[in-house]
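Below, all heavy atoms of this structure are taken into account, side chains as well, without hydrogens, waters or symmetry copies.
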Amino acid sequence: MNLCIDQGNSRTKIALFKKDGRIVKNLLYKSFTSADVERLFSLYPITQSIVSSVANMEPAVINALNRLSKKFVLFDHLTPLPIKNCYQTPETLGHDRIAAAVGAAHLCPGQNLLIVDAGSAVTYDFVSAEQGYLGGNIAPGIKMRLTVLHQMTKKLPQVEVEQNALTPLFGKNTKEAIAAGVVRGVVFEVKGYMRTLSEQGIEFVAFATGGHAPYILNGVKDGMRHEPNLVLIGLNKILEYNMHGA
């Protein structure tokens, strides 16, 4: 069984994969420690593991994974990948972004791919049909936009929006105006990327992932594939690729 760990800005997402690539368990931690590693290995027949982190993970966690795993991969820009990375500065590329690209390429081989990961930031990444990661863009996430509007102005309130709420086209009060402006702004942003690719004659599959993907899917409606485990699927494929002597 493979243990895949994705440590983000606010939480740690974990998936356990069978040898056939199926996810058998998803877990979510606000804080992930070496004790959690010990517990996972005591509960499940884990033999291989991989960890990706946007920040430095606790050395005790790394040591526990390395000690308990027959094969352990600490994912970084030097880790061999099953796709070609064409980014000019791979050492600065977010591990979650390239892992999502690998996951999408695995799920839809031989197709152009637009990957929208809506988390703390919203990232837009493109993979060619020849399985080359060609780059992408980074924009502020939904929560970040809501918070900045409040913090950078004197009178605008802090607003929270429900993921399944349909915001109006134009708000009828200030809270509605902020929610609609932010959520619809991100949706229009996504639609703009999709429209531009189509206008250039590029056929592609669009993926939505990340904790705030439902906001986007509610607005885009059609033409996007939702895969909440895209990063973890990519990490599993990277782990498998390295296990077989890449």
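At a threshold of 4.5 Å between side-chain heavy atoms, the hydrophobic network of Ile, Leu, Val, Met, Phe, Trp and Tyr places Ile98 and Val73 in one connected group. Met1 and Tyr241 are not part of a single hydrophobic cluster, where members link through side-chain heavy atoms under 4.5 Å apart. In the hydrophobic clustering of this structure, Met57 does not group with Phe75; members are Ile, Leu, Val, Met, Phe, Trp, Tyr whose side-chain heavy atoms approach within less than 4.5 Å, directly or through other members. In the hydrophobic clustering of this structure, Leu232 does not group with Ile5; members are Ile, Leu, Val, Met, Phe, Trp, Tyr whose side-chain heavy atoms approach within less than 4.5 Å, directly or through other members. Each of Val37 and Ile50 belongs to its own hydrophobic cluster when Ile, Leu, Val, Met, Phe, Trp and Tyr are linked at side-chain heavy-atom distances under 4.5 angstrom.
With respect to Glu38 and Arg67, a salt bridge is recorded, a charged nitrogen being found less than 4.0 Å from a carboxylate O. Ionic pairing of Arg184 and Glu176 is not present here: no N-O contact between side-chain nitrogen and carboxylate oxygen is shorter than 4.0 angstrom. No salt bridge links Asp20 with Lys18; every basic N to acidic carboxylate O contact stays at or beyond 4.0 Å.
Under the 4.5 Å side-chain criterion, counting only non-hydrogen atoms from C-beta, Val51 is not in contact with Val61. The shortest side-chain heavy-atom distance between Leu230 and Phe207 falls under the 4.5 Å cut-off. Considering only heavy atoms from C-beta on, His95 stays 4.5 Å or farther from Ser53 through its side chain. Counting heavy atoms from C-beta on, the side chains of Leu81 and Ile238 come closer than 4.5 Å. With contacts defined as side-chain heavy-atom distances shorter than 4.5 Å, the pair Ile115/Val127 qualifies. Taking the side chain as every heavy atom from C-beta outward, Ser198 and Gln200 never approach each other to under 4.5 Å. Side-chain contact between Val159 and His150 is absent, with no heavy-atom pair separated by less than 4.5 Å. Between Tyr215 and Leu217, every side-chain heavy-atom pair lies at or beyond the 4.5 Å cut-off.
Checking side-chain atoms of Glu227 against main-chain N and O of Asn229 turns up a donor-acceptor pair under 3.5 Å. Without hydrogens or angle criteria, Asn218 side chain to Pro214 main chain gives a donor-acceptor distance under 3.5 Å. Counting only distance, with no hydrogens or angles, the side chain of Asn242 and the backbone of Pro80 share a donor-acceptor pair below 3.5 Å. In terms of modelled atom types and a separation under 3.5 Å, the side chain of Asn2 and the main chain of Asn236 share no donor-acceptor contact. Between the side chain of Asp36 and the backbone N or O of Thr33 there is at least one donor-acceptor pair closer than 3.5 Å.
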task = Kindly indicate, with the supporting measurements, whether the criterion side chain to side chain contact (heavy atoms under 4.5 Å, CB included) is fulfilled by Leu28 and Ile14.
result = CA-CA 6 Å; Leu28 189 64; Ile14 289 176; over 6 Å; no
query = Going through the checks in order, is the side chain to side chain contact (heavy atoms under 4.5 Å, CB included) test met by Lys84 and Gln131?
reply = CA-CA 6 Å; Lys84 184 179 180 181; Gln131 294 203 321; over 6 Å; no
ask   = Would Asn112 and Val205 count as a side chain to side chain contact (heavy atoms under 4.5 Å, CB included) if you check the C-alpha gap in whole Å, the side-chain angles of each, and the deciding distance to 0.1 Å?
value = CA-CA 6 Å; Asn112 296 312; Val205 176; over 6 Å; no
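In this structure, Ile138 shares a hydrophobic cluster with no other residue, the cluster being traced through Ile, Leu, Val, Met, Phe, Trp and Tyr side chains under 4.5 angstrom apart.
Sequence neighbours left out, the pairs with a member in residues 97-114 that pass salt bridge (charged side-chain N to carboxylate O under 4.0 Å, His left out) are Arg97-Asp125. Among residue pairs with one or both ends in residues 106-130, those qualifying as ring pair (Phe, Tyr, Trp, His ring centres under 6.0 Å) are Tyr124-Tyr193; sequence neighbours excluded. Counting only residues at least two apart or in different chains, ring pair (Phe, Tyr, Trp, His ring centres under 6.0 Å) contacts with residues 46-65 are absent.
Residues meeting the side chain to side chain donor-acceptor pair (under 3.5 Å) test with Asp76, sequence neighbours left out: Thr79. Annotation: ring-ring contact (aromatic ring centres under 6.0 Å, His included) contacts of Phe41 (sequence neighbours excluded): none. Annotation: salt bridge (Lys or Arg N to Asp or Glu O under 4.0 Å) contacts of Arg39 (sequence neighbours excluded): none. With sequence neighbours left out, Asn85 forms a side chain to side chain donor-acceptor pair (under 3.5 Å) with no residue at all. Qualifying ring-ring contact (aromatic ring centres under 6.0 Å, His included) partners for Phe17, counting only residues two or more places apart in sequence or in other chains: none. Not counting sequence neighbours, the partners of Thr89 by the side-chain contact (heavy atoms from CB on, under 4.5 Å) test are Tyr87, Glu91, Thr92. Here Asp96 pairs with nothing under the side chain to side chain donor-acceptor pair (under 3.5 Å) rule; sequence neighbours left out. Applying the side chain to side chain donor-acceptor pair (under 3.5 Å) rule to Ser120 yields no partners; only residues at least two apart in sequence or on another chain are considered.
A distance of 14.0 Å separates OH in Tyr29 from CZ in Arg11, rounded to the nearest 0.5 Å. Distance CG/Asn137 to OG1/Thr123: 9.5 Å, rounded to 0.5 Å. From Leu40, atom CG reaches atom NZ of Lys25 across 10.0 Å, with rounding to the nearest 0.5 Å. With rounding to the nearest 0.5 Å, the separation of CD1 in Ile46 from CG in Leu3 is 4.5 Å. The line from OG of Ser52 to NZ of Lys13 is 9.5 Å long, rounded to the nearest 0.5 Å.
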